[in-house]
Visitor: 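The structure's right below; bear with me while I get my questions together.
Numbering starts at 1 and runs along the sequence shown. What you see is a predicted model; the values in this text were computed from it and never measured.
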Amino acid sequence: MRVEIWSDIACPWCYVGKARFEKGLAAFAHRDDVEVVHRSFELDPGRAKGDTALVVDMLATKYGRTREEARSMEENVASNARSEGLDYRIDGRDHGSTFDIHRLLHLAKARGRQDELLSLAYRANFAEERSVFDSETLVALAVEAGLDEAEARAVLADADAYADDVRADEREAAELGANGVPFFVLDRRYGVSGGQPAEVFTQALEQAWQGRVITEIGQDKGDADANDASDAAVCGPDGCAVPHAGPHAGAHA
């Protein structure tokens with residue numbers, strides 16, 4: 001069974017959702033028969049390479065908030081991440097174009113090291129003092145993931161390398177109706193939207209394995225809990241919803 005996951009490195013719910021999915025997969029009896037493929041989705045596709053800003057400053061500007069309010073928004077996301085055992089730093093983290101990261105992830109996919117690079121990139125972006133919008137950092141991450149340094153540098157130096165693959169993934173996401181991430185597609189029969197709890201992923205895997213045709217979680221109005229979870233754990237072009245965020249709840253990019 002194949003699971004395709006559309007995500008973006010800049011998306012905190014993708015970071016959290018990957019951890020939750022992996023916990024759900026670990027509890028699935030047929031986990032060794034599941035192939036996981038990561039696909040590209042840019043939350044800010046119009047952002048120019050090199051145009052970076054601190055996340056807190058970007059949030060304050062984008063949503064007309066004070067820096068304190070923007071930082072509170074980040075703290076809410078950080079709390080959800082830490083509840084999954086993930087480190088999440090707030091101060092000093094930057095935001096920029098993720099197009100080069102996605103191109104490098106396609107190289108990693110071709111070399112069988114995609115999940116390794118994705119995990120390292122998430123950790124660098126959300127947990128470490130490393131900017132994933134710096135080419136030298138990306139090369140270092142690629143080498144850590146087991147890729148050839150010269151090949152990684154060549155991809156980053158050629159703006160056309162794997163660009164069509166990134167765009168193809170994004171077109172396919174649009175065709176599937178995915179306007180936010182993370183978005184999980186199980187055997188092209190079953191869609192799960194958002195960073196759902198681990199047990200939801202286990203259930204989805206079991207149902208897809210049985211070949212049942214199910215309404216997408218988060219879209220079935222009869223499933224209130226699933227719908228609420230989806231709404232609270234998806235990043236889209238307008239930002240990321242923050243569940244139980246208190247008086248400063250709002251979008252997060």
Side-chain angles (χ1 to χ4, degrees), residues 1-43 45 84 98 101-103 105-106 108-110 112-119 121-122 162 164-223 225-237 240-241:
M1 183 167 69
R2 170 179 284 197
V3 177
E4 297 162 278
I5 307 173
W6 273 263
S7 61
D8 192 11
I9 294 297
C11 165
W13 287 119
C14 297
Y15 177 50
V16 174
K18 185 176 188 295
R20 290 176 174 173
F21 171 76
E22 288 171 352
K23 289 178 182 178
L25 178 61
F28 178 52
H30 304 284
R31 56 187 173 275
D32 293 337
D33 297 311
V34 176
E35 175 193 12
V36 179
V37 178
H38 298 283
R39 300 204 178 276
S40 302
F41 190 107
E42 295 172 274
L43 288 171
E84 298 299 330
T98 56
I101 306 171
H102 285 298
R103 294 195 301 114
L105 282 165
H106 276 280
K109 178 184 175 184
R113 308 299 294 174
Q114 189 186 43
D115 189 72
E116 289 81 359
L117 179 57
L118 182 63
S119 296
Y122 275 138
Y162 294 102
D164 288 345
D165 298 87
V166 176
R167 298 307 185 209
D169 278 356
E170 293 174 337
R171 284 195 301 272
E172 192 164 13
E175 290 167 2
L176 290 170
N179 54 16
V181 285
F183 186 70
F184 304 77
V185 176
L186 288 68
D187 255 6
R188 292 298 169 118
R189 289 198 300 266
Y190 190 13
V192 180
S193 179
Q196 303 280 356
E199 58 269 23
V200 173
F201 286 116
T202 303
Q203 178 191 25
L205 288 162
E206 291 170 349
Q207 291 175 334
W209 185 266
Q210 295 167 7
R212 295 171 59 187
V213 179
I214 309 294
T215 303
E216 179 188 327
I217 288 179
Q219 301 300 316
D220 183 354
K221 299 303 181 182
D223 188 344
D225 291 339
N227 192 55
D228 289 346
S230 174
D231 288 346
V234 177
C235 294
C240 303

Visitor: Mind listing the closest non-hydrogen atom pair of Leu205 and Gly24 along with its distance?
Guide: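 What the structure gives for the nearest pair is CD1-O, 4.1 Å.
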
Visitor: Could you check if a side-chain atom of Val34 sits within less than 4.5 angstrom of a side-chain atom of Leu186, using non-hydrogen atoms only?
Guide: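 No, too far: nothing below the 4.5 Å cut-off.
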
Visitor: Which is it for Thr98 and Leu43 under the side-chain contact (heavy atoms from CB on, under 4.5 Å) test, yes or no, and what are the steps along the way?
Guide: CA-CA 8 Å; Thr98 56; Leu43 288 171; over 6 Å; no

Visitor: Do Arg39 and Lys109 have side chains that get closer than 4.5 Å, going by heavy atoms?
Guide: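 They are in side-chain contact.
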
Visitor: Are any non-hydrogen side-chain atoms of Val192 and Phe21 less than 4.5 angstrom apart?
Guide: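 Result no, sub-4.5 Å side-chain heavy-atom pair not found.
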
Visitor: Would you say Ser40 and His106 make side-chain contact, with heavy atoms under 4.5 Å?
Guide: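 Of all side-chain heavy-atom pairs linking His106 with Ser40, at least one is under 4.5 Å.
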
Visitor: Looking at Arg188 and Glu175, does any basic side-chain N land under 4.0 Å from a carboxylate oxygen?
Guide: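 Not counted as a salt bridge, because no side-chain N and carboxylate O are separated by less than 4.0 Å.
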
Visitor: Side chains of His38 and Ser7: any donor to acceptor distance under 3.5 Å?
Guide: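 Result is no, nothing qualifies.
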
Visitor: Is any side-chain heavy atom of Val166 less than 4.5 Å from a side-chain heavy atom of Glu42?
Guide: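 Val166 reaches Glu42 side chain to side chain.
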
Visitor: Has Arg31 got a side-chain atom pairing as donor or acceptor with Ala26's backbone, closer than 3.5 angstrom?
Guide: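 Yes, Arg31 side chain to Ala26 backbone: donor-acceptor pair under 3.5 Å.
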
Visitor: Judged by modelled atom types alone, do Asp165 and His102 share a side-chain donor-acceptor pair under 3.5 Å?
Guide: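 Checked: Asp165/His102 side chains show no N/O donor-acceptor pair below 3.5 Å.
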
Visitor: In Å, rounded to the nearest 0.5 Å, how long is the span from CD1 of Ile101 to CG of Asp8?
Guide: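 Between atom CD1 of Ile101 and atom CG of Asp8 there are 7.5 Å.
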
Visitor: How close do Gly194 and Val234 get, counting heavy atoms only, and between which atoms?
Guide: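 For Gly194 and Val234, the tightest heavy-atom pair comes out as CA-CG2, 3.4 Å.
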
Visitor: Enter the distance from Arg171:CZ to Asp164:CG here, rounded to the nearest 0.5 Å.
Guide: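 With rounding to 0.5 Å, CZ (Arg171) is 7.5 Å from CG (Asp164).
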
Visitor: Within the 4.5 Å heavy-atom criterion, are Tyr122 and Ile9 side-chain neighbours or not?
Guide: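 Tyr122 reaches Ile9 side chain to side chain.
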
Visitor: With a 4.5 Å cut-off on side-chain heavy atoms, are Met1 and Phe28 touching?
Guide: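 In contact.
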
Visitor: How long is the gap from OH on Tyr190 to CD on Gln203, to the nearest 0.5 Å?
Guide: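 Result: 5.5 Å between the selected atoms.
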
Visitor: Just verifying a value: how many Å separate Trp13 CH2 and Arg20 CZ, rounded to the nearest 0.5 Å?
Guide: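 One gets 5.5 Å once the value is rounded to the nearest 0.5 Å.
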
Visitor: Output the distance between atom CZ (Arg113) and atom CG (Leu118), rounded to the nearest 0.5 Å.
Guide: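 Rounded to the nearest 0.5 Å, the CZ-CG separation comes out at 13.0 Å.
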
Visitor: So, for Pro182 and Cys14, which heavy atoms are closest and what is the spacing to 0.1 Å?
Guide: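 So the minimum-distance heavy-atom pair works out to N-SG, 3.6 Å.
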
Visitor: Looking at Ala173 and Phe41, what are the two nearest heavy atoms and their distance?
Guide: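 Here Ala173 and Phe41 meet closest at CB-CD1, 4.0 Å.
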
Visitor: Apply side-chain contact (heavy atoms from CB on, under 4.5 Å) to Val185 and Trp6, showing your working.
Guide: CA-CA 8 Å; Val185 176; Trp6 273 263; 3.7 Å; yes

Visitor: So does Ala208 get a backbone contact from the side chain of Arg189, meaning a donor-acceptor N/O pair under 3.5 Å?
Guide: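 Checked: pair present.
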
Visitor: Is the closest side-chain heavy-atom distance between Val36 and Glu22 below 4.5 Å?
Guide: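 Of all side-chain heavy-atom pairs linking Glu22 with Val36, none is under 4.5 Å.
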
Visitor: Between atom CG of Leu105 and atom CG of Asp115, what is the distance when rounded to the nearest 0.5 Å?
Guide: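 Interatomic distance, Leu105 CG to Asp115 CG, rounded to 0.5 Å: 10.0 Å.
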
